[in-house]
Amino acid sequence: AEHLQTVAIVLTDQSLGQSRAVVDPPRTFDRDLPRILAAPADEPYMRYEVTEDGVSPMSVPGMAGRMYTADGLEHNPRGTPSSMAADHWAQMGKRRRKLEDFDFGPEWAEISGSGSICLVTWGSSSGAVLEAAGYLTAAGRSIRVVVLRLLAPLRREALREALNGAEQVLVVEQNHGAQLFLYLHSEQVLPSQALSLARPGPLPLRPREIIDALLRES
């Protein structure tokens with residue numbers, strides 16, 4: 001968020017939000033992503049300069065000749081509020097480009113296993129999904145699991161590659177409306193034969209439910 005000058009939303013679900021557990025510490029993020037600072041210069045400061053990667057060099061309060069600007073209205077490259085269509089398109093494109101073109105690396109999902117059956121999930125459902133995959137693997141079935149960690153911007157091509165060759169895809173989630181399943185379909189990343197297992201709480205999903213859902217469709 002600091003490097004891209006954008007908002008980061010950490011999304012969780014009720015089960016994770018209201019539980020306690022002893023877990024391993026998260027992996028250390030080893031990439032250097034500093035704030036992109038404006039350099040001192042004589043020319044006028046373009047706070048929202050349209051750059052190739054979408055990130056505009058930013059001043060900090062007190063920087064000589066570089067007035068700090070935090071604008072809530074649509075603006076031109078100088079930061080002056082603007083209703084010009086050209087400014088609107090340029091700034092919207094800049095904000096979209098810096099998110100879609102950024103290399104998030106392998107952290108966008110946790111992928112394990114291989115085979116023609118693929119389980120896709122996120123959040124607290126991942127524990128039951130991984131446990132179900134373990135039982136099925138022990139029974140001689142080849143299972144791959146994709147636990148999504150980055151939902152937006154969705155890594156479309158990476159997800160399509162992770163699903164490539166899967167003959168059976170089941171999207172597992174704990175909510176009433178199959179929100180993840182519908183979202184992935186709207187992004188056109190799921191194969192046409194993909195199926196949904198969505199159940200609301202308050203009881204958590206169990207591995208047996210996931211196994212039964214797969215066996216019913218086999």
Side-chain angles (χ1 to χ4, degrees), residues 1-14 16-17 25-111 120-123 146-163 173 175 177 179-190:
E2 179 73 12
H3 176 74
L4 295 178
Q5 301 173 26
T6 189
V7 174
I9 300 175
V10 179
L11 184 65
T12 185
D13 54 20
Q14 187 173 9
L16 288 176
R27 295 188 300 273
T28 301
F29 192 73
D30 57 2
R31 295 175 62 189
D32 183 21
L33 298 175
R35 173 185 288 188
I36 307 301
L37 294 176
D42 295 331
E43 65 268 12
Y45 172 46
M46 295 293 188
R47 168 61 188 95
Y48 298 104
E49 179 183 0
V50 178
T51 61
E52 183 176 353
D53 64 1
V55 181
S56 305
M58 184 179 184
S59 67
V60 295
M63 184 178 287
R66 295 288 181 261
M67 182 179 292
Y68 178 78
T69 303
D71 203 326
L73 301 174
E74 192 56 281
H75 40 256
N76 61 22
R78 295 187 303 276
T80 306
S82 173
S83 60
M84 298 288 291
D87 288 331
H88 182 73
W89 294 338
Q91 295 297 322
M92 289 287 288
K94 180 174 79 73
R95 290 190 287 268
R96 180 174 181 173
R97 187 168 63 253
K98 69 181 177 181
L99 291 176
E100 291 192 341
D101 293 350
F102 181 74
D103 180 12
F104 289 92
E107 305 296 332
W108 67 275
E110 296 178 13
I111 303 174
V120 181
T121 190
W122 80 284
V146 178
V147 179
L148 292 171
R149 300 183 68 236
L150 180 65
L151 297 179
L154 188 67
R155 303 290 85 186
R156 298 179 188 88
E157 293 305 320
L159 181 53
R160 289 191 187 103
E161 183 177 347
L163 300 177
E173 54 192 310
N175 63 70
Q179 295 165 342
L180 178 62
F181 180 74
L182 296 176
Y183 169 58
L184 296 179
H185 258 312
S186 73
E187 293 285 345
Q188 299 181 334
V189 294
L190 292 178

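Note that the coordinates shown come from a computational prediction; the quantities given were computed from them, not determined experimentally.
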Is a side-chain donor or acceptor of [X] paired with a backbone partner of [Y] at a separation under 3.5 angstrom?
X	Y	answer
His88	Ala86	no
Glu187	Arg156	no
Tyr45	Ala38	no
Arg155	Ala109	no

Above 12 or not: heavy atoms from other molecules or residues under 6.0 Å from CD of Glu107?
yes
Using the salt bridge (Lys or Arg N to Asp or Glu O under 4.0 Å) criterion, which residues pair with Glu49? Sequence neighbours excluded.
none
Atom [atom1] of [X] and atom [atom2] of [Y]: how far apart are they, to the nearest 0.5 Å?
X	Y	atom1	atom2	result
Glu173	Trp122	CD	CH2	9.0 Å
Leu148	Leu11	CG	CG	11.5 Å
Ser59	Arg35	OG	CZ	8.5 Å
Trp108	Leu159	CH2	CG	5.0 Å
Thr12	Ile9	OG1	CD1	13.5 Å
Thr80	Asp71	OG1	CG	8.0 Å

On a heavy-atom basis, the closest approach of Ala162 and Ile111 is CB-CD1, 3.9 Å
In short, Leu99 meets Pro153 closest at the heavy-atom pair O-CG, 3.7 Å
Between Phe102 and His3, how do the two ring planes meet: parallel, tilted or perpendicular, split at 30° and 60°?
tilted
Go through the steps for Arg66 and Met58 under the test side-chain contact (heavy atoms from CB on, under 4.5 Å), then give the verdict.
CA-CA 9 Å; Arg66 295 288 181 261; Met58 184 179 184; over 6 Å; no
Hey, are Glu43 and Arg78 close enough for a salt bridge, meaning a charged N less than 4.0 Å from a carboxylate O?
no
Is there a side-chain contact between [X] and [Y], using heavy atoms and a 4.5 Å cut-off?
X	Y	value
Asp32	Pro34	yes
Leu151	Leu180	yes
Asp101	Arg96	no
Leu4	Leu33	no
Val147	Val120	no
Met63	Val60	yes
Pro57	Leu37	no
Glu74	Asp87	no

Using the rule given for side-chain contact (heavy atoms from CB on, under 4.5 Å), can you reason through Glu100 versus Leu154, listing the C-alpha separation, both sets of side-chain angles and the distance that settles it, and then say yes or no?
CA-CA 8 Å; Glu100 291 192 341; Leu154 188 67; over 6 Å; no
Have Thr51 and Asp53 got a donor and an acceptor in their side chains that come within less than 3.5 Å?
yes
With a 3.5 Å cut-off and no angle check, do the side chains of Asn76 and Ser82 form a donor-acceptor pair?
no
For a side-chain hydrogen bond (donor to acceptor under 3.5 Å, both in side chains) with Ser56, tell me which candidate from Arg47, Lys94, Gln5 qualifies.
Lys94
